[in-house]
Amino acid sequence: MTVSLAVIGAGMRGLIYAREAVRSGRGRIVAIAEPDLGRRRRFAAEFGLASEDVFHDWADLAGVGRLADAVVIATQDHLHVDPAVAFAELGYHILVEKPMAPTETDARRIVAAVQRHSVVFAVGHVLRYTPYTLALKAVIEQGRIGDLASVEHLEPVGWWHQAHSFVRGDWRRADTSAPMLLTKSCHDMDWLLHVIGLRPVRVASFGGLLHFRPENRPEGAGERCTGCAVEADCPYSATRLYLGCLGDPNTEFWPLSAVTAEPTAEAVLHALETGPYGRCVYDCDNDVVDQQVVMLEFEGGVTASFTMTAFTPLEHRKTRLFGTHGYLEGDGMTLRIVDFRTGKEEWIDTRTEAGPSAADGHGGGDAGLTAAFLHAVTSADQTLLGCDPQEALAGHLLVWAAERARETGTVQAL
């Protein structure tokens, strides 16, 4: 069976899921809803859609009834809830990009709707579906490091990624998007719950906006990178970043496509002179954190710590797992296992061609999630995703508890 898919949102994530579905041979795109004319036309042309299958927004698409087996919802985060509820009511199976919604109330509305109508439901928690995660989870389940005692997990956001998405970009403000722990790291909260497999009981968190603030602006810096006297020595130079994307199909797809649809030097410079991505990182209206730590206690006394920081290269996540009989560390590609009983070390290589970023496929996670979703839809079997709607919600609830802990300086019981 080939699954027919409608896509809401023809930006980066909508394109990625659509392309993966078609590439796999198990999905075909039958409709698009996208308010931006240029994106809508490019998407329709790529997937060969007729004019009657192209819609301005999700409400127009929903208004014609059920056209497909499933829908991909890849709008901005705050625009997920209404289409998710509407398409669940129409009987569509649903893949919604993470986070499912910026607020607990809206996230619970989505979960209630998909459960009420018994549709297959997936959230874009792609980290669950990488070859690396599958191998790591197998090592734990086989008891090779004994009982898990503690976990250290690092998300290296990347200095230029922080500047692109969380200082200049759409996710820079909590009031127009959501806290960064939700928009960037609900992936990681979900992943920790998945890997550890226990119920969290307490959480604390610390962090804030440390660096990307007006008082840290270098002397002589301009309001924009174009024409700035100190741009050449600034690690957050937009001119260097975006002109450096030209000629590379991966980086032209992301991050450059967020800046301009035309990959030329002239178009890039015009966008930097007139649009949000050319602003000085010390002169933006951003307020989300640039570094945060989360401390977790699970039932039985197992502990975990998570660090999200801008001040790294953009790389795969890095994790250390401490067990009673062994030690495991991984870098998103390889696993190192030390057996305390023999002292021997083993290395497991899970590398694929996919790198850590969205442009690279999240280490194979984009393909893995798409395949799992199509399989689940074909079989009408939620269990094939390895995650039900309540489990998908759990990582979000953990984020909101961590944010309450950070904002109030308390330890939150879960």
Side-chain angles (χ1 to χ4, degrees), residues 1-22 26-36 39-40 43-44 47 49-50 52-126 366 369-382 384-385 387-393 396:
M1 171 183 171
T2 301
V3 175
S4 57
L5 290 163
V7 178
I8 302 172
M12 181 181 69
R13 297 307 297 167
L15 275 171
I16 285 172
Y17 291 128
R19 288 170 177 171
E20 284 292 348
V22 171
R26 300 186 62 182
R28 59 189 177 90
I29 309 304
V30 300
I32 177 64
E34 166 58 58
D36 182 273
R39 286 181 174 180
R40 189 166 68 243
F43 190 100
F47 296 100
L49 300 180
E52 61 266 25
D53 300 321
V54 178
F55 300 86
H56 178 265
D57 63 24
W58 70 265
D60 295 334
L61 174 57
V64 300
R66 189 176 178 187
L67 295 181
D69 300 314
V71 63
V72 174
I73 300 175
T75 57
Q76 285 291 306
D77 305 339
H78 66 284
L79 300 175
H80 288 173
V81 61
D82 289 337
V85 171
F87 282 88
E89 291 174 348
L90 290 170
Y92 280 80
H93 304 295
I94 296 172
L95 168 57
V96 62
E97 177 53 8
K98 64 87 187 168
M100 67 170 78
T103 69
E104 181 176 342
T105 297
D106 282 348
R108 289 191 182 278
R109 278 187 63 202
I110 293 173
V111 170
V114 299
Q115 290 183 321
R116 184 166 61 249
H117 297 286
S118 300
V119 298
V120 171
F121 177 67
V123 177
H125 288 149
V126 296
D366 292 340
L369 170 59
T370 304
F373 178 66
L374 295 176
H375 190 193
V377 169
T378 300
S379 305
D381 186 354
Q382 179 76 36
L384 295 175
L385 279 160
C387 179
D388 65 28
Q390 289 293 339
E391 290 173 314
L393 177 62
H396 292 66

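- The backbone N or O of Gly91 sits nowhere less than 3.5 Å from a side-chain atom of His117 that would complete a donor-acceptor pair.
- Looking at Ile32 and Phe47, their side chains never come closer than 4.5 Å, going by heavy atoms from C-beta outward.
- In this structure a side-chain-to-backbone donor-acceptor pair under 3.5 Å is missing from Tyr17 to Ile73.
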**Report entry** Trace of the side chain to side chain contact (heavy atoms under 4.5 Å, CB included) decision for Thr378 with Val3
**Finding:** CA-CA 7 Å; Thr378 300; Val3 175; 3.4 Å; yes
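- For Glu34 (side chain) and Arg39 (main-chain N/O), no donor-acceptor pair under 3.5 Å exists by modelled atom type.
- With rounding to the nearest 0.5 angstrom, the CH2 atom of Trp58 is 8.0 Å from the CD1 atom of Ile8.
- To the nearest 0.5 angstrom, Arg40 atom CZ is 12.0 Å from Leu49 atom CG.
- Asp388 contributes atom CG, which lies 10.0 Å from atom CG of Leu393 (distance to the nearest 0.5 angstrom).
- Listed by chain and number, the residues in a side chain to side chain donor-acceptor pair (under 3.5 Å) with Ser4 are Asp69 (sequence neighbours excluded).
- For the atom pair OG1 of Thr370 and CG of Leu95, the computed distance is 6.5 Å after rounding to the nearest 0.5 Å.
- Side-chain N or O atoms of Gln382 include one that pairs as donor or acceptor with a backbone N or O of Phe121 at under 3.5 Å.
- The ring pair (Phe, Tyr, Trp, His ring centres under 6.0 Å) test applied to His125 returns His396, not counting sequence neighbours.
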Query raised in the report: So Phe55 and Val64, side chain to side chain contact (heavy atoms under 4.5 Å, CB included) or not? Walk me through it.
Result: CA-CA 10 Å; Phe55 300 86; Val64 300; 4.1 Å; yes
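- Within the model, atoms CG of Leu61 and CZ of Arg66 stand 12.0 Å from one another, a figure rounded to the nearest 0.5 Å.
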Query raised in the report: Going through the distances and angles, do Val120 and Phe373 end up as a side chain to side chain contact (heavy atoms under 4.5 Å, CB included)?
Result: CA-CA 8 Å; Val120 171; Phe373 178 66; 4.1 Å; yes
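- A distance of 11.5 Å separates NE2 of His375 from CE of Met1, quoted to the nearest 0.5 Å.
- Proximity of a side-chain donor or acceptor of His78 to a complementary backbone N or O of Pro102 within less than 3.5 Å is not detected.
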Donor-acceptor list for residues 105-114 side chains, cut-off 3.5 Å, not counting sequence neighbours:
residue	atom	partner	partner atom	Å
Arg108	NE	Glu104	OE2	3.0
Arg108	NH2	Glu104	OE2	3.2

